[in-house]
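Here the structure is laid out as structure tokens; the discussion comes afterwards.
Remember, it's 1-based here, ligands and their atoms both numbered in the order they're listed.
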Amino acid sequence: MFETLSDRLSGVFTTLRGKGRLSPADIDATAREIRIALLEADVALPVVRTFIAAVKQRANGAEISKALNPAQQVIKIVNEELVAILGGETRRLRFAKTGPTVIMLAGLQGAGKTTLAGKLALWLKGQGHTPLLVACDLQRPNAVTQLKVVGEQAGATVFAPEPGNGVGDPVAVARAGIDFALEKHHDVVVVDTAGRLGVDAELMAQAAAIRDAVDPDETLFVLDAMIGQDAVATAEAFRDGVGFTGVVLTKLDGDARGGAALSVRELTGQPIMFASTGEKLADFDVFHPDRMASRILG
Ligand code: GDP
């Protein structure tokens with residue numbers, strides 16, 4: 001991911017090398033090139049505008065630095081602005097003060113929610129927690145089985161409706177899952193929910209009903225970083241329909257242009273909290289804006 005953007009930006013910086021000083025015309029030209037690079041990477045237009053305005057303002061106002069040449073100064077500014085649009089600081093998971101911490105997962109089908117449930121379970125166990133996975137995706141035929149598989153791989157208990165009971169009521173399963181966690185002393189509950197191929201009202205209503213039933217401490221919107229421009233509309237629909245407290249970017253190992261990753265924080269106002277970088281449960285970590293920015297700048 002981000003290869004085209006990285007190449008483009010490094011091309012921009014190369015043209016600045018060897019310049020003794022940047023004229024306003026140089027800064028304008030550089031800003032234009034960065035703008036094209038971001039747009040080509042599918043970064044949402046409002047985010048590009050904010051980004052470019054900040055870079056220009058800072059580059060024009062930059063004090064003459066003895067330590068940095070103009071190219072280095074621009075790289076520093078772009079780096080800091082990238083960190084800023086990615087959220088600045090790492091946002092850690094918030095745990096409930098009493099009772100189990102409830103984490104609800106929401107997102108489109110195929111975004112990687114069920115896989116993420118397994119990843120979170122493994123990660124939480126590594127931090128000394130005793131997670132319970134609750135199977136509330138009763139739409140996709142294999143979702144419950146898949147959750148059981150990832151739960152087993154992570155060594156975590158999975159709470160699921162018994163097979164053969166028809167479609168089942170995800171809200172009732174969610175409630176029963178919380179009761180089970182209380183009874184068995186699981187300190188974190190991860191609630192997997194159903195996703196559809198596209199945003200639809202029924203999906204949103206179901207996710208909202210589960211949210212109301214479990215009163216989550218965190219609702220994580222799971223976003224496939226490969227989906228490009230559609231990411232913006234999807235994120236906004238989930239923000240308005242269900243609401244979320246954080247974003248998990250999945251499939252960051254893919255070769256998409258990465259604009260979704262760069263736009264979602266700024267557009268939704270919610271932090272990117274975790275990053276998923278592969279199909280294996282261990283391909284997962286807390287999201288660090290500064291590391292992502294360094295990766296983009298190569
Ligand atoms: P759900 O419908 O949201 O529950 O999505 P799944 O968890 O079933 O994931 C859909 C597909 O994406 C599966 O084939 C996963 O193995 C794959 N997947 C999930 N996360 C990642 C990731 O970070 N990288 C890659 N390459 N594949 C992933």
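Residues Val222 and Leu138 do not share a hydrophobic cluster, defined by chaining ILVMFWY side chains whose heavy atoms lie under 4.5 Å apart. There is no path of hydrophobic side-chain contacts, each under 4.5 Å, that joins Trp123 to Leu249.
Here Lys148 does not pair with Glu152 in a salt bridge; the nearest charged N to carboxylate O distance is not below 4.0 Å.
Contact annotation: the side chain of Met104 approaches that of Val242 to within less than 4.5 Å [non-hydrogen atoms, C-beta and beyond]. Counting heavy atoms from C-beta outward, Lys184 and Thr130 have side chains that stay 4.5 Å or more apart. Looking only at side-chain heavy atoms (C-beta outward), Arg94 and Thr245 come within less than 4.5 Å of each other.
Enumerated by chain and number, the residues approaching ligand 1 to less than 4.0 Å through a heavy atom are Leu108, Gln109, Gly110, Ala111, Gly112, Lys113, Thr114, Thr115, Arg140, Gln146, Lys251, Asp253, Ser276, Thr277, Gly278, Glu279.
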